[in-house]
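All remarks here apply to the structure that follows.
Every number for a ligand or one of its atoms is a count from 1 in the order of the listing.
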Amino acid sequence: MKLKDIGEFGLIEKIAEITKTTPSVIKGIGDDCAVLKYTKDKYLLVTTDMIIEDIHFRLNNATHQQIGHKAIAVNISDIAACGGIGKWAVVSIGLPKDMNLDFVNKIYFSIRKLASKFNIDIVGGDTNLSKRIVISIVIIGEVSKKNLVLRNGAKIGDTIFITGKLTPQAKDLSFIPRIKASSFLVNNFKINSMIDISDGLLSDLGHIISESRAGACLYQSLIPYQGVSIKRALSSGEQFELLFTADRSKTRRLVSLAGKKRIKITAIGEITDTKGKIIFIDKSGKKEILKPKGYRHF
Ligand code: ADP
Ligand code: MG
């Protein structure tokens, strides 16, 4: 069997079957971060993501700032999705032999710049020869036990929210990970489930409903998107907004309190009992069942 036949998620499931963890692991494979035992009040969060030349960016239309920024931002975004903050980073790079030293320095400066903005120390890494630029970053962070949010806690009747706006055409190499929004949310509300939109809203909502054994309903008239068709907005990856759910009784207070802190949050639908299905209601009120599709590597 080829990888393209089982897909990225099929492969991850196979890997998860092979790995077995000890009780120090609160959550292993299957969420935005691994969650590990740490102190009395806190868990350690660990996440890693890799960006590769010609897959995630092209040298002829990305600057060194954008490459470095994106490499670390995607990781900080996963920490935000679990309700925590980043603390330490390990940065591994693969580079072609003929690469200009100045270019590498500049990539590193931009990694460091975003790391410092979020008080993350770069504490190590690895350097290798590679045909194309590869940057793989591990971030270790922490979260108060009471603030941990996973993908599996959505409850039927919850309101579904997103931060910001879906703007797929921007293919944003300079987005700011939503740590501020995440900290605001987990410190002020009981957030039942959360994920960052890396594969596309439908696909990532698909993870929340399958992990939570529920379904979802989305209203086109509520979804903030720009520049493309609604279907594209829902299935385009690399948006890095947070998608989360909380009890519906909190909806108005959550949106208005966030607004006062200049954090844009919009209620876009609800968690339903239509197990595994996302029901989409368009502007004219027509219902359609959508497949949780989005970006897959293979
Ligand atoms: P995200 O988009 O939030 O970064 P991914 O889709 O990359 O999440 O990964 C989903 C889950 O699968 C995560 O828990 C991640 O740690 C795990 N995972 C992905 N690739 C591997 C791998 N090669 N080995 C072990 N776990 C993996
Ligand atoms: Mg994620």
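In terms of distance to the Mg ion (ligand 2), the nearest N, O or S atom of Asp32 is named OD1. As for Asp78, its N/O/S atom nearest the Mg ion (ligand 2) is the one called OD1. Closest to the Mg ion (ligand 2) among the N, O or S atoms of Asp196 is OD1.
Atoms of ligand 1 lying under 4.0 Å from any heavy atom of Arg151, numbered from 1 in the order shown and given with element: 3 (O), 8 (O). Atoms of ligand 1 lying under 4.0 Å from any heavy atom of Gly30, numbered from 1 in the order shown and given with element: 11 (C), 13 (C), 14 (O). Of all atoms in ligand 1, numbered sequentially from 1 with element shown, those under 4.0 Å from a heavy atom of Ile29 are 12 (O), 14 (O), 17 (C), 25 (C), 26 (N).
Distances from atom 16 (O) of ligand 1 to the protein include no heavy-atom value under 4.0 Å. Inside a 4.0 Å radius of atom 26 (N) of ligand 1 there is at least one protein heavy atom. In this structure, atom 21 (C) of ligand 1 is not in close contact with the protein, since no protein heavy atom lies within 4.0 Å of it.
The cluster map of Ile, Leu, Val, Met, Phe, Trp and Tyr, joined by side-chain heavy atoms under 4.5 Å apart, puts Tyr225 and Phe161 in different clusters.
Between Lys264 and Glu241 there is no salt bridge, since no side-chain N of the basic residue sits under 4.0 Å from a carboxylate O of the acidic one. Salt-bridge annotation for Glu238 and Lys70: present, with a side-chain N of the basic residue lying under 4.0 Å from a carboxylate O of the acidic one. A salt bridge links Asp32 and Arg151; the closest N-O separation between the charged side-chain nitrogens and carboxylate oxygens is under 4.0 Å.
Other residues, nucleotides and ligands place more than 12 heavy atoms under 6.0 Å from the NZ atom of Lys145. Counting heavy atoms of neighbouring residues, nucleotides and ligands inside a 6.0 Å radius, atom NZ of Lys180 exceeds 12 of them.
If you check each of Ile15, Val46, Ile12 against atom 23 (N) of ligand 1, the one with the closest non-hydrogen atom is Ile15.
For residue Asp204, no N/O/S atom approaches the Mg ion (ligand 2) to within less than 2.8 Å.
Summary of contacts: the protein heavy atom closest to atom 2 (O) of ligand 1 is Ser198 OG, 3.0 Å. Atom 7 (O) of ligand 1 has its closest protein heavy atom at Asp49 OD1, 4.3 Å. Considering only non-hydrogen protein atoms, atom 13 (C) of ligand 1 sits nearest to Asp31 O, 3.2 Å. Considering only non-hydrogen protein atoms, atom 4 (O) of ligand 1 sits nearest to Asp78 OD2, 3.0 Å.
Closest non-hydrogen pair, Ile76 versus Leu114, comes out as CD1-CD2, 4.1 Å.
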Checklist entry - Stepwise, does the side-chain contact (heavy atoms from CB on, under 4.5 Å) test hold for Leu148 with Val35? => result CA-CA 9 Å; Leu148 175 70; Val35 182; 3.8 Å; yes

Next on the checklist: Quick one, Ile197 with Phe240, criterion side-chain contact (heavy atoms from CB on, under 4.5 Å). Give me CA distance, side-chain angles, the key distance, then yes/no.
Outcome noted: CA-CA 5 Å; Ile197 304 181; Phe240 300 105; over 6 Å; no

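Asn147 places no side-chain N or O within 3.5 Å of a backbone atom of Ser144 that could act as its donor or acceptor partner.
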